[in-house]
Amino acid sequence: MSEQAGHERETYDVDAVQDKWQRVWQEIEPFKADDDSEREKRYALTMFPYPSGDLHMGHAEVTALHDVIARYWWQKGYEVLNPMGWDSFGLPAENAAIRNDAHPADYTYGNIATQLESFQKYGVSFDWSRRFNTSDPSYYRWTQWLFLKFHEKGLAYRKNSPVNWCPNDQTVLANEQVLADGSCERCGAEVTKRELTQWYFRTTSYAQELLDCLDDLQPTWSDKVINAQRNWIGRSEGAHVDFIVEGREEPITVYTTRPDTIFGTTFMVVAVDAALADELVTDGQRPAFEAYRDEIRKASEIERMATDRPKTGVDLGVTARNPVTGEQIPIWATDYVLADYGTGAVMGVPGGDQRDWEFATQMGLPIVRTTQPPADFEGEAYAGEGQTINSPADGVDAPLDINGMPVEEAKKATIAFLAGKGVGEPTVNFRLRDWLLSRQRYWGAPIPIIHCPVDGEVRVPEDQLPVELPELRGADLKPKGTSPLGAASEWVNVACPTCGGPATRDTDTMDTFVDSSWYFFRYVSPKDETQAFDTDLANAWGPIDLYVGGDEHAVLHLLYARFFTKALRDMGLVNWDEPFSAYLSQGKVVNNGRKMSKSLGNGVSLGEQLAEFGVDAVRLTLVFASPPEDNIDWADVSPGGSVRFLQRAWRLSGDVTSAPGTDPTAGDVGLRKVTHKTLHEAEGLVENHRFNVVVARTMELVNATRKAIDSGCGPEDPAVREAVEAVAILLSLVAPYTAEEMWERLGHRPTVARAGWPTIDEALLVEDSVVAVVQIQGKVKARIDVSPDVSAADLEAAAMADPTVEKALEGKTVRKVIVREPKLVNIVAG
RNA sequence: GCCCCGGUAGUCCAAUCGGCAGAGACGAUGCACUCAAACUGCAUACAGUGUGGGUUCGAAUCCCACCCGGGGUACCA
């Protein structure tokens, strides 16, 4: 028996153990990825942090989850690349520099040092030899080089367009960086529109592939993210249709997904802010049009996006000819049509589109139904399935007749007719826009382009990279609506690389999402000074086998990184189609049901938790609390419970009396079965990311081992050693310090993290007997012990012979017997 | 509005193919230890699976409708 109840239990000193093993790990570097290893390679990645202050609970969670997989792969014998670095360009550093009259680098590199120390204390299996920061010139040099490649291929270009503008951060934003309520993703300010010339990446040229590949990713990515990306890409199929305007050479082309409703087109609407509206308006209507347009421009995005306000618009005074009815229909300008989607012009079909219905009702325009709604239909516009009607209307002679056709057939017939006349064609449209990448801020990678009055946009020659940031600090960085780099005149004014004449550098910097769109390539050869990354090594290590991160990047970073990967593949720089073979999105850590925040005063300090409970207990708590994807409410969990469990597990290692290397095969079979079954189940659970259940199984094994020591086979049994070693290895995935301490106490050399996953003895997974359930009408009546390979007939006979069953069946007729050997018999009787 | 995910003891969560609703934990209660408490150990109790239908010998699991919660998206024609 172990110590009697009531005595002080032996415990280990958490702080001392942490200090001890940190030193050992730094010395032996157990997680350095070897490029030349013969072992099969795995690439584990978690999103690198922005260096704002110290690490917080969110970092602790994602890292703890991610580390389970990385450490498991090492134990299973893979060579694992598990790198970490910093996404270190960005606004917080710049804003801090303005406040403190300092340089953004001060804030950035100070925080990086703090976070690095915290990560090391946290005991994560990162290969620190590969770390870098995106703000290092040795990194952003290659960000700029990639920009040049994109520019060469026509994937980076400049255009003038209405863009999202954040008045607080004083810079433009990409569509992805404006939230659904029209606020800035970064600072929450209300985003406005400006007409500006900006740099774009041609993400739309990969729209179809970005969408198609989601099918392959579906099994290994979270549904949420797949769904969000599908929505964001927003593919729709429809047709372009040309409408002729009297006295105008060019027809107006509209985009519609419902060409079958063309007979119901009673008007046309164009976006009020599109150039087309300005071109079309008659002199007579111009004053009204301009007044309307000014009014709309003044309205905020938030007002514009409200869908429940009445429709507004102005008649432009011109008409277009409906190509199937020949009727002249009025053309209106309105703000419910978007200038930058489709063609910025829409055929108004009030019978089939609710928005058009509202507009027609408001403006007194005619309404014609072209799809027969069901008899009980009570709505206004009808957009569902049904027979086509009024196409053409009774007694009207038209060149096309689609009456009676169901929607899909009518669409095809209409498109075929229009195409035959040369006034229409099938078209696919995407909601995805090109990625606006230029920013009017300082702390980012300068865009390596020189503007020359003679040669235009000239790429900075590759041998002149990096284009380093000029030294600006404090008040120089104050946002003023144009890039701070413009103030560095010595930096701005350069000779044109082509003609040698006076020219100026582009003064914008790149969106920091550009930096993070390719960082996972750089990790394969982080010190390479001759290229962005080594293609052979990238092909050997990648794509990333598991990427762990947060859902907030569902359509930002994850989409941009996918786009980059496809573009790099097409440049021959890598052979991956997709960067992340599997993606695990981790939940958030909240407190008392709410997001942690300063204003709510419910923040939980990671540092304090670590000081109170120790690294292992905090990590274990985060892994055990819930499935990885679910949020963890810190108010619901118990790090104290984790401490108790870890001490309990550790105590086992002190009870083992057999020598290291003792052959376990002579040990207690009962305990051995538990050990091997646990290891076997843990494999499947880890691979399916069910880390919380792995912890529960480990707890079971600890309980079973405790019982075996105290009241079973005793501490000297070789099966006990085997079980405790298995506990140490299982814990090495989650609680590295405790596992290491146990391993040492068991008489082994460090490190348990590379001890290797135990070989599972299949014979021990087979049960001698199983409990079969006998049901009558689906209700359990008896349990009988049977052999796991019992035949259906034997099991049925055994069930029928059971006294309880016999009794229950007295006087009844057995109608049917369902046998699912070896676990169940269900008797239907009456 | 549309799309996706989820709803199991007081709480967090298990139940892998449709087959015994409970593995693990938190909290609670009791007992042991203690002068007492904390710690520790042992033990116990607590749900019929959001609601209503359906399929099935059998449903937490599949289907339909609805309710609640979370997320995405939204004049995208």
Side-chain angles (χ1 to χ4, degrees), chain A residues 2-11 179-181 222-232 234-236 238 254-258 261 269 304-309 311 334-338 340-343 345-349 352-356 358-359 383 429-433 551-552 554-555 587 621 624-627 629-633 635-642 644-645 647-648 651 681 684-685 688 690 692-700 702-703 706 710 771-783 815-818 820 823-829:
Chain A
S2 68
E3 302 117 292
Q4 289 302 302
H7 290 181
E8 278 283 312
R9 296 282 163 169
E10 194 190 7
T11 56
L179 301 182
D181 65 355
S222 76
D223 291 335
K224 247 179 171 174
V225 176
I226 295 279
N227 185 44
Q229 294 218 359
R230 282 218 177 98
N231 284 342
W232 190 260
R235 184 183 199 271
S236 79
V254 302
Y255 173 70
T256 177
T257 56
R258 291 296 302 275
T261 64
V269 261
R304 279 199 63 168
M305 293 206 305
T307 54
D308 52 356
R309 76 202 158 89
K311 297 281 180 283
T334 178
D335 68 337
Y336 82 85
V337 173
L338 304 175
D340 58 352
Y341 181 79
T343 60
V346 169
M347 58 189 218
V349 188
D353 183 287
Q354 185 60 27
R355 295 156 301 185
D356 294 343
E358 287 163 18
F359 189 77
N429 236 308
F430 293 94
R431 195 183 159 284
L432 180 74
R433 310 293 152 81
D551 283 338
E552 66 274 20
V555 286
T621 303
F624 181 53
S626 71
E629 304 83 354
D630 290 2
N631 285 351
I632 296 171
D633 194 328
D636 289 336
V637 299
S638 168
S642 298
R644 283 199 295 276
F645 165 71
Q647 295 284 2
R648 201 168 128 79
R651 247 177 258 133
E681 280 186 31
L685 291 166
N688 291 308
R690 311 208 24 215
N692 55 326
V693 189
V694 176
V695 174
R697 292 283 174 272
T698 308
M699 288 172 168
E700 283 180 72
V702 168
N703 292 344
R706 180 83 266 159
D710 289 350
V771 176
V773 177
V774 186
Q775 299 176 332
I776 296 176
Q777 325 296 47
K779 298 259 163 47
V780 179
K781 292 290 177 193
R783 291 155 215 271
R815 297 233 172 87
K816 193 172 175 183
V817 181
I818 292 105
R820 291 284 176 273
K823 288 174 79 176
L824 179 129
V825 177
N826 188 18
I827 302 161
V828 187

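These figures come from a predicted structure and were not determined experimentally. Numbers restart at 1 for each chain; the letters A, B, ... are given by sequence-line order, proteins then strands.
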| For A/Arg644 and B/G27, is the shortest distance between a side-chain N/O and OP1 or OP2 below 4.0 Å? | yes
| query | A/Arg648 has a side chain; which of B/A77, B/G41, B/C3 sits nearest to it? | reply | B/G41
| request: Determine the contact category for A/Phe624: base if any of its heavy atoms lies under 4.0 Å from a base atom, sugar-phosphate if only primed atoms, P, OP1 or OP2 are that close, otherwise nothing. | output: base
| request: Respond yes when some side-chain nitrogen or oxygen of A/Lys816 is under 4.0 Å from OP1 or OP2 of B/C57, and no when none is. | output: yes
| task | Specify the separation, in whole Å, of atom CG of A/Asp356 and atom P of B/C76. | result | 10 Å
| query | Does the side chain of A/Arg431 pick up a donor-acceptor pair with the side chain of A/Asn231 at under 3.5 Å? | reply | no
| field | Among B/A77, B/U73, B/C13, the nucleotide that comes nearest once only the side chain of A/Asn692 is considered | value | B/C13
| field | A/Tyr255 side chain near B/C76 phosphate (N/O to OP1/OP2, under 4.0 Å) | value | no
| task | Describe the nucleic acid contact of A/Val828 in one word from base, sugar-phosphate, nothing, applying a heavy-atom distance below 4.0 Å. | result | sugar-phosphate
| query | Within less than 4.0 Å of OP1 or OP2 of B/A25, is there a side-chain N or O belonging to A/Asn703? | reply | yes
| query | Short question: side chain of A/Asp356, backbone of A/Val349 - any donor-acceptor pair under 3.5 Å? | reply | yes
| Nucleotide paired to B/G24 in any strand shown, Watson-Crick or G-U, under 3.5 Å | B/C12
| note | Whichever of A/Ala625 and A/Ile818 has the more 5' nearest nucleotide on RNA chain B, that residue is A/Ala625
| field | Side-chain donor or acceptor of A/Arg258 paired with backbone N/O of A/Ala383 under 3.5 Å | value | yes
| request: Output yes when at least one side-chain N/O atom of A/Thr11 is less than 4.0 Å from OP1 or OP2 of B/C39, else no. | output: no
| Should A/Arg820 be listed as having a side-chain N or O under 4.0 Å from OP1 or OP2 of B/C17? | no
